[in-house]
Amino acid sequence: MGNCCKTFAREENREENPMISSPMGSEGNRSGRTSRYSDAQAITTPLPTHARNIENKREQAQDDFRGYYPGFVDSEYELIAAGWPSWMVKDAGEAFKGWVPRKEQSFLKLAIIGEGAYSIVYRALDLEQGKIVALKKIKFKNLKPKTIRFMAREIAILRRLDHPNIIKLEGLVAAEDSCHFYLVLEHMEYDLVGLASLRGLKFREPQVKRFMKQLFSGLDYCHRQGILHRDLKGANLLLDTNGNLKIADFGLANFYDPQQGCPLTNQVVTLWYRPPELLLGATCYGAAVDLWSAGCILAELYVGRPIFRGRTEVDQLHRIFKLCGSPPEDYLSLLQLPPSNIFNRQKPFRRCVAEIFKDLPAPALALIETLLSLDPSARQSATDALNSEYFLTEPLPCKAKEVPE
């Protein structure tokens, strides 16, 4: 940590070190011969009285500091001394190591550009850097350890990710006397939903391919890093004026290991983009949940509206089965899902994706068919999507200058 203080640990009392001889040295030193302790003598010569007084005051200040923040370990004292709030350090210190918090006064808020259940995003001017940034204010309903660790996970994930199609975390704002906390993020002019809603605007296929290629590139990187986004939707895909897309809002993201299969919550992903296995209660899942959401986004860009607009979880499942067909009888057992009586075995739905999207180009339809598979394993991977015929056939993804201004 660049501005981090020194470790708060008492130094050894040099005068009591049995390995150090007197300042005059051994008999050999007086005769001009070099002693094996000569370097140590030069370093550990007793401090003058005034220097010892300064050292004692420093140690007393450290003791007072520890007394003011009891119950912390040395590494946590370093973070507090660097400016991190003690209420964050105790439960989320690992997320801040190596960074120094920025001050809220160094930013000028210009406008609110987004708001969610847990955060507010401002367009702001970084007064120190002289550039526009996005300030994401985290809403703390309480300061319970679970709440703080939830916030720290997003920070840890963003710090790990470094890719041109993933939003960049540029800094953090925090203060001991405030419950406010901000993420400083790079600023993007649009989100995909907002851009698509502009009057008279309809994306051409090369533009759709550009957006989707960037989305799959970012997803592929995330999954290789062992990270699931778990909330992909148009509002979380940000764009600049050159048509560069970045995946944003990692508030629901989490680490995962496909080899371990640790249980995860199924209360993730916005309803319209949530895959059927999560709606049915799956807790063991992987990258396929993000690929389902990507398939919904791809189809939405072609038809101009979300394809599954359910009002409830049951209604959402009904809409999915109506388009993608009813699952086979062993679906629940194969995916290790809890029992459910939601299926109507008397009148099963037939899959009709090809009929509904018959006007789409064949490569686009083929990719949508893959991504909207009820079987998560059949959705393949982001790498497979990037290598699919969809991105290799004409028209190819457009260049930056060919996106809507």
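For the numbers below, each heavy atom of this structure counts, side chains included, while hydrogens, waters and symmetry mates do not.
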(Q) Has Asp231 got a side-chain atom pairing as donor or acceptor with Gly251's backbone, closer than 3.5 angstrom? (A) no
Q. Does atom NZ of Lys109 have more than 12 heavy-atom neighbours, drawn from other residues, nucleotides or ligands, at distances under 6.0 Å?
A. yes
Q) Do the ring planes of Trp292 and Phe308 sit parallel (below 30°), tilted (30 to 60°) or perpendicular (above 60°)? A) parallel
Q) Looking at side-chain heavy atoms only, is the closest gap between Leu372 and Ile307 below 4.5 Å? A) yes
Q. Is any NZ, NE, NH1 or NH2 atom of the basic residue among Asp126 and Arg102 found under 4.0 Å from an Asp or Glu carboxylate oxygen of the other?
A. yes
Q) For the rings on Phe203 and Tyr302, is their centre-to-centre separation under 6.0 Å? A) no
Q) Is Arg159 paired with Glu154 through a side-chain N to carboxylate O contact shorter than 4.0 Å? A) no
Q: Ignoring hydrogens and angles, tell me if any N or O in the side chain of Gln214 forms a donor-acceptor pair with the backbone of Leu245 under 3.5 Å.
A: yes
Q | Residues in ring-ring contact (aromatic ring centres under 6.0 Å, His included) contact with His163, at least two apart in sequence or another chain | A | Tyr221
Q) Does atom CG of Asp375 have more than 12 heavy-atom neighbours, drawn from other residues, nucleotides or ligands, at distances under 6.0 Å? A) yes
Q. In Å and rounded to the nearest 0.5 Å, what is the CG to OG distance from Asn387 to Ser381?
A. 8.0 Å
**Q.** Atom pair OH/OG1 of Tyr285 and Thr265 - distance to nearest 0.5 Å
**A.** 6.0 Å
Q: Please list, chain by chain and in numerical order, all residues satisfying salt bridge (charged side-chain N to carboxylate O under 4.0 Å, His left out) with Lys246, sequence neighbours excluded.
A: Glu186
